[in-house]
Amino acid sequence: MLKQHLQFKLSQKLSPQQIQLMKLIQLPTQAFEQRLKQELEENPALESGKEESDTLDDLYEDTYDDSADNENIDTDEINIDDYLSDDEIPDYRTQANNYSADDEDKQVPYAAGTSFNQYLLNQLNTEYLDDQEWAIAEFLVGSVDESGYIRRPLPDIMDDLAFTQNIYVEEDKIKEVLKIVQDLDPPGVAARSLDECLIIQLKRKEQKPSVELAINILERSFEHFTKKHYSKLLQKHHVSEEELKEAISEIEKLNPKPGGSYSGNTRLIEHIVPDFSIKIVDGELELTLNGRNAPELHVSKDYSNMLEGYKNAKEKSKAQKDTVMFIKQKLDAAKWFIDAIRQRQQTLYITMSTIMEYQKEYFLTGDERKLRPMILKDIADKIDMDVSTVSRVANSKYVDTPYGTKLIKDFFSEAMKNEQGEDVSTKEIKKILETVIKDEEKKKPLTDAKLAKILKDRGYPIARRTVAKYREQLGIPVARLRKEI
């Protein structure tokens with residue numbers, strides 16, 4: 001039996017210009033400057049600096065109109081997927097800057113220079129090794145990860161040497177060469193476990209009672225040490241509390257990730273350039289947008305002269321018309337880009353201004369307990385923009401405040417009710433939780449259950465599991481691991 005159905009489907013189609021505008025809004029100041037530089041290189045009709053004449057718009061309209069012999073492009077009919085394809089599109093138009101609300105840019109440049117593994121190999125040149133030992137050492141260095149560890153079991157390395165290097169040796173020989181590799185800098189490199197890494201570092205230090213005790217603890221009682229079972233350590237090693245404290249102090253000075261100390265192996269930490277600045281002037285908040293986000297752009301005077309020449313020409317050949325079509329396309333792109341930059345400036349300023357007013361009490365005092373519960377929709381509703389637009393501003397922009405440079409998205413938080421039924425920010429609760437833990441007695445740190453009771457007594461009735469979640473988000477370990485002698 002044949003059935004007919006009538007179905008209505010409402011779909012929203014973004015134009016390429018709208019997509020590019022959203023990408024521009026996403027960009028923080030430094031990335032925006034790179035994007036601007038690329039656009040100036042790609043489009044000769046776009047120039048930076050002050051414009052000498054304001055007559056270009058009139059000239060543009062008089063010189064060129066979309067007549068029947070020229071194709072009029074309807075952007076509503078453009079397929080977005082085609083627009084974002086790689087065919088004849090500059091690289092910057094295919095970069096993934098159109099993030100969703102939860103996305104973060106994971107691409108961070110690596111530091112240039114000698115790699116960590118090459119740094120280790122260079123040190124091996126000073127060791128006397130025969131060909132076989134050198135091959136084993138080179139293989140071991142190649143197995144060192146960026147933290148400085150060799151994570152693979154030696155039997156597996158022995159098999160790999162046989163299959164890939166045609167080197168057949170016993171495990172004892174690999175251990176012998178491993179000791180040579182572990183003598184390289186930084187201290188602790190090529191360890192197979194955390195305790196071995198720490199012991200290697202301690203053995204390089206001046207041997208005194210506290211260092212010797214620290215080595216003894218790591219070799220014989222590593223589990224007790226990691227779990228902070230200090231009473232068992234005192235009993236097992238027959239030492240005083242003061243002696244144990246000195247030994248633990250020696251261990252705490254060590255580097256658990258020796259690979260991270262090598263500059264050639266670490267990633268560059270991008271210097272943060274605040275996109276906004278908030279100052280307190282005569283008791284009032286003053287917001288400014290970083291001037292690097294407001295470049296002076298105009299259409300090239302040369303392109304203006306080209307249009308003038310075409311306008312005054314008595315005979316207009318096909319070649320001239322093709323040239324003017326090219327000029328028009330470049331002018332369209334330049335005029336759109338200039339307009340998009342203005343829209344970006346307005347969007348950034350309006351969004352941050354609204355956030356500043358919403359969190360006025362915090363910005364005036366710097367007290368994180370004054371942060372109001374605020375979600376993206378709160379700001380989007382106030383400025384009559386889409387939530388995704390606010391997300392693009394909040395997720396990637398920084399603001400310079402009297403209390404330091406802050407990531408804007410950190411001002412957003414969910415709400416919960418206190419005992420009075422008032423909405424309070426989860427950030428406020430986390431701040432109080434952090435303060436309580438900071439002031440606790442370190443010999444008897446507070447459990448999550450006790451922390452929940454303290455918060456309840458202060459008017460914040462939250463469950464123990466919620467306290468545990470907030471504590472983990474703050475990067476604070478459980479009570480047992482916070483214990484001190």
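- For Asp439, the CG atom is densely surrounded, since the number of other residues' heavy atoms within 6.0 Å is greater than 12.
- For Glu212 and Asn216, the side-chain atoms include no donor-acceptor pair closer than 3.5 Å.
- Summarising the geometry of Pro477 relative to Arg471, their closest heavy-atom pair is C-NH1, 3.4 Å, with the distance given to 0.1 Å.
- Heavy atoms of other residues, nucleotides or ligands lying less than 6.0 angstrom from CD of Glu171 number more than 12.
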Compile the donor-acceptor pairs under 3.5 Å between side chains in residues 272-287 and protein atoms, sequence neighbours left out, one pair per line.
unit_1, atom_1, unit_2, atom_2, d
Asp275, OD1, Thr29, N, 2.7
Asp275, OD1, Thr29, OG1, 2.6
Asp275, OD2, Tyr398, N, 2.8

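- The environment of Lys382 atom NZ is sparse: at most 12 non-hydrogen atoms of other residues, nucleotides or ligands sit within 6.0 angstrom.
- Residues satisfying the side-chain hydrogen bond (donor to acceptor under 3.5 Å, both in side chains) test with Thr435, not counting sequence neighbours, are none.
- Under a cutoff of 6.0 Å and an axis angle of 45°, Arg292 and Phe32 do not form a cation-pi pair.
- Using a 4.0 Å cut-off between charged side-chain N and carboxylate O, Asp381 and Lys377 make a salt bridge.
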Quiz item: When you look at Glu33 and Lys37, which way does the salt bridge (charged side-chain N to carboxylate O under 4.0 Å, His left out) test go after all the steps?
Solution: CA-CA 6 Å; Glu33 287 183 319; Lys37 181 182 177 182; over 6 Å; no

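- Annotation for Asp448 and Ala468: closest pair OD2-CB, 3.5 Å, computed over non-hydrogen atoms.
- Residues Leu21 and Gln343 approach most closely at CD2-OE1, 3.3 Å, considering heavy atoms.
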Would you be so kind as to tabulate the donor-acceptor pairs closer than 3.5 Å made by side chains of residues 357-364, with sequence neighbours excluded?
unit_1, atom_1, unit_2, atom_2, d
Gln359, OE1, Arg372, N, 2.8
Gln359, NE2, Arg372, O, 2.9
Gln359, NE2, Phe411, O, 3.4

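- Taking all atoms of both residues into account, the shortest heavy-atom contact from Thr347 to Thr351 is O-OG1, 2.7 Å.
- Closest heavy-atom contact between Pro28 and Ser396: CB-O, 3.3 Å.
- Within 6.0 Å of the OH atom in Tyr168, the count of heavy atoms belonging to other residues, nucleotides or ligands exceeds 12.
- Electrostatic pairing of Asp457 and Lys453 counts as a salt bridge here, judged by a charged N lying under 4.0 Å from a carboxylate O.
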Quiz item: Does the salt bridge (charged side-chain N to carboxylate O under 4.0 Å, His left out) test come out yes or no for Lys173 and Glu133, once each step is laid out?
Solution: CA-CA 9 Å; Lys173 182 63 177 179; Glu133 289 172 336; 2.9 Å; yes

Practice problem: Would you please test Leu446 and Ile437 for side-chain contact (heavy atoms from CB on, under 4.5 Å) and show each step? | Solution: CA-CA 7 Å; Leu446 299 165; Ile437 292 174; 5.9 Å; no

